[in-house]
Amino acid sequence: MTHDFQNSISLLGATGSIGRQTLDVAEQLNLKVCALSADTSIDLLEEQTRKFRPSIVAVYNDTSAREFKIRVRDLDVRVVSGMDGLIEVACVSGAQTVVTAVVGTIGLLPTLSAIKLGRRIALANKETLVCAGALVMRSAREHNAEIIPVDSEHSALFQCLRGENMHTVKRLILTASGGPFRGMDRVHLENVTPEMALKHPNWVMGKKITIDSSTLMNKGLEIIEAVHLFDIPPDQVEVVIHPESIIHSMVEYCDHSIIAQLSHPDMRLPIQYAITYPSRTAGMTRPLDFSALTSLTFQPPDHAAFPCLSLAFKAAHMKGTACAILNGANEAAVDLFLQGKLSFYGIHDCVQSALENIPHVKSPALEDIIEAGTSAMQWVRNICQK
């Protein structure tokens, strides 16, 4: 079977939600899977390895890597671990596209390493651009590496902007489902538990991104991501609540024409598009039946009930290491919330505290970005536990 698009991938984060769906797409398109990585979900990783037969597999956790190596000793596969292992997977020979589906800043160094080889990056790891967007995009230009977004919203924007002149863009409009607490005010959200926050109405995702969706921090991170991906000021990025998650994002042009991308909420579509771009091919998602769509509704976000959104806009305007501080503080705060050591609004308070207290570098090197994120995590863990 032959294609006119890139037909071999390496996959960082194979056992997560995006990783599993990426392998669905790989099977559908008959792609060669050159390399896989995961953290500790080695039962599923073993199944994936036996099915797709990559030449190298990285298991981030050293103990799990040793166990995994024993499990697959009958296969012709090299098992590596740690950050060096992730970088090897990202840079494996033969992979034309690197799908980065790991969660958190762990994806930054492997992505930068693959960019330096001129690989296409199918980017599902938003923290890479949130923390180091200016540096990453500059490196991509220098090494002629394509960065194709996998987030459904940024994929939608990418598709709506195709062939257009960015100088004619008035607004990028990111849609948001509103998460599990859409329409609730601050009083009703004071005593939210992790169990309540993990019940997303439209998407099945990992715990961290699901909590981010409940606070709207996820949409805030997407604002920062859009600023870097499309080289546009934060003031030209807006958020609208769209509970049905049918319109994935929109672009308004200077003539007030708005172009939108619509589909059922299914991450396999943006994953596939990132791999096949600039081509399209028959996919796995079901078509929209407009006769069955009773309504598409929209409303502005409630910044008082979901103050993390405003914090993200603030960090986007501050630039430099502010976004790395925001991201690192949020990662640590969400972790504490999931452990029951922090309240729902404590997430916002911790991130705000980190932004206000950790020194901000305006023109950072990579080391400054990493240090800022680490310092923010430490700040939250030391200062913000209830």
Do any side-chain atoms of residues 304-320 form donor-acceptor pairs under 3.5 angstrom with protein atoms, and if so which ones, sequence neighbours left out?
from: S310; atom 1: OG; to: H303; atom 2: ND1; distance (Å): 2.8
from: H317; atom 1: NE2; to: D235; atom 2: OD1; distance (Å): 3.0

Q.
Within a 6.0 Å radius of atom CG on D74, are there more than 12 heavy atoms belonging to other residues, nucleotides or ligands?
A. yes

Q) Is there a chain of hydrophobic side chains (I, L, V, M, F, W, Y, each step under 4.5 Å between heavy atoms) that links M267 to I246? A) no

Q. Linking I/L/V/M/F/W/Y whenever any side-chain heavy atoms sit under 4.5 Å apart, do V240 and V237 land together?
A. no

Q.
Can a donor-acceptor pair be found, under 3.5 Å and without considering hydrogens, that links the side chain of T321 to the backbone of I369?
A. no

Q) Does S353 reach the main-chain N or O of D349 with its side chain, forming a donor-acceptor pair under 3.5 Å? A) no

Q: State which residues pass ring-ring contact (aromatic ring centres under 6.0 Å, His included) with F181; sequence neighbours excluded, sorted by chain then number.
A: F344

**Q.** Cluster check M137, I223: I/L/V/M/F/W/Y, side chain < 4.5 angstrom
**A.** yes

(Q) Between E371 and S375, is there a side-chain donor-acceptor contact under 3.5 Å, judged purely by atom types and distance? (A) yes

(Q) Using side-chain contact (heavy atoms from CB on, under 4.5 Å), reason through L36 and V89 one step at a time and then give a plain yes or no. (A) CA-CA 7 Å; L36 297 172; V89 164; over 6 Å; no

Q. Of all heavy-atom pairs between G104 and N125, which one has the smallest distance, and what is that distance?
A. O-ND2, 2.8 Å

Q: Give a yes-or-no answer on whether the side chains of K126 and N327 include a donor-acceptor pair shorter than 3.5 Å.
A: no

Q | Positive for side chain to side chain contact (heavy atoms under 4.5 Å, CB included) with L135, one of D368, T128, L129, L112 | A | L112

(Q) Within the structure provided, determine whether R171 and I258 are in side-chain contact (heavy-atom separation under 4.5 Å). (A) yes

**Q.** Test item: T22 side-chain N/O and I18 main-chain N/O as donor-acceptor pair under 3.5 Å
**A.** yes

Q: Taking all non-hydrogen atoms of both residues into account, name the closest pair between S10 and V92 and its distance.
A: CB-CG1, 3.8 Å

(Q) Under the criterion side-chain contact (heavy atoms from CB on, under 4.5 Å), I'd like the reasoning laid out for L86 against I106: C-alpha separation, chi angles, the key distance, then a yes or no. (A) CA-CA 9 Å; L86 289 185; I106 192 175; 3.6 Å; yes

Q. Any donor and acceptor pair, going by atom type alone, linking the side chain of S177 with main-chain N or O of S245 inside 3.5 Å?
A. no

Q | Contact summary for G19 and A101, nearest pair of heavy atoms | A | N-CB, 4.1 Å

**Q.** Salt-bridge contact R119-E146 (side-chain N to carboxylate O under 4.0 Å)
**A.** no

Q: Could you tell me whether a side-chain N or O of R120 sits under 3.5 Å from a main-chain N or O of I147, the two making a donor and an acceptor?
A: no

Q: State whether the side chain of T276 and the backbone N or O of S279 hold a donor-acceptor pair below 3.5 Å, judged by distance alone.
A: yes

Q. Would you find a donor on one side and an acceptor on the other, under 3.5 Å apart, between the side chain of S41 and the backbone of L44?
A. no

Q) Would I241 and I247 show up in the same hydrophobic cluster when neighbours are defined by side-chain heavy atoms closer than 4.5 Å? A) no

(Q) Given 3.5 Å as the limit, does a donor-acceptor pair link the side chain of E331 with the main chain of T105, or not? (A) yes

Q) Does H188 reach the main-chain N or O of M184 with its side chain, forming a donor-acceptor pair under 3.5 Å? A) no

(Q) Restricting to ring-ring contact (aromatic ring centres under 6.0 Å, His included), what partner residues turn up for F158, sequence neighbours left out? (A) Y277

Q) Taking atom CG of L157 and atom CG of L229, what is their separation to the nearest 0.5 Å? A) 9.0 Å

Q. Looking only at heavy atoms, what is the nearest atom pair of R162 and Y273, with distance?
A. NH1-OH, 3.0 Å

Q) Considering the options K69, R71, K51, which one meets the salt bridge (Lys or Arg N to Asp or Glu O under 4.0 Å) requirement together with E46? A) R71

(Q) I need the minimum non-hydrogen distance between A95 and I9, along with the two atoms involved. (A) CB-C, 3.8 Å

Q: Quickly, which of L296, L174, I173 forms a side chain to side chain contact (heavy atoms under 4.5 Å, CB included) with H242? Name it, please.
A: L296

Q: Not counting sequence neighbours, which residues clear side-chain contact (heavy atoms from CB on, under 4.5 Å) with V103? List them please.
A: E127, K208

Q: Supply the atom-to-atom distance L172 CG to I232 CD1, rounded to the nearest 0.5 angstrom.
A: 4.0 Å

Q. So, Q378 and T374: side-chain donor and acceptor under 3.5 Å apart, yes or no?
A. no

Q) Do I148 and M166 share a hydrophobic cluster (ILVMFWY, side-chain heavy atoms under 4.5 Å, transitive)? A) yes

Q) Near N191 CG, under 6.0 Å, is it more than 12 heavy atoms from other residues, nucleotides or ligands? A) no

Q. Do the side-chain N and O atoms of E244 and T297 include a donor-acceptor pair separated by under 3.5 angstrom?
A. yes

Q.
Using the rule side-chain hydrogen bond (donor to acceptor under 3.5 Å, both in side chains), only one of N61, D62, T63 pairs with S81; which is it?
A. D62

Q | Non-hydrogen atoms of F298 and M250 that approach each other most closely | A | CE2-CE, 4.4 Å

Q: Not counting sequence neighbours, list each pair that qualifies as a salt bridge (Lys or Arg N to Asp or Glu O under 4.0 Å) and has a residue in residues 216-232.
A: E153-K219, K219-E222

Q.
Among residues at least two apart in sequence or on other chains, which ones pass side-chain contact (heavy atoms from CB on, under 4.5 Å) with H167?
A. N165

Q: Kindly compute the distance separating CE (M83) from OG (S113), expressed to the nearest 0.5 Å.
A: 9.0 Å

(Q) Testing the 3.5 Å rule here: is there a donor-acceptor pair between the side chains of Q159 and R280? (A) yes

Q. Going from OG1 on T97 to CG on L11, what distance comes out if it is rounded to the nearest 0.5 angstrom?
A. 11.5 Å

Q.
S17 vs Q21, test: side chain to side chain donor-acceptor pair (under 3.5 Å). Steps then yes/no.
A. CA-CA 6 Å; S17 175; Q21 292 176 88; 3.2 Å; yes

(Q) Is it the case that the side chain of E142 and the backbone of K116 share a donor-acceptor pair, with hydrogens and angles ignored and the cut-off at 3.5 Å? (A) no

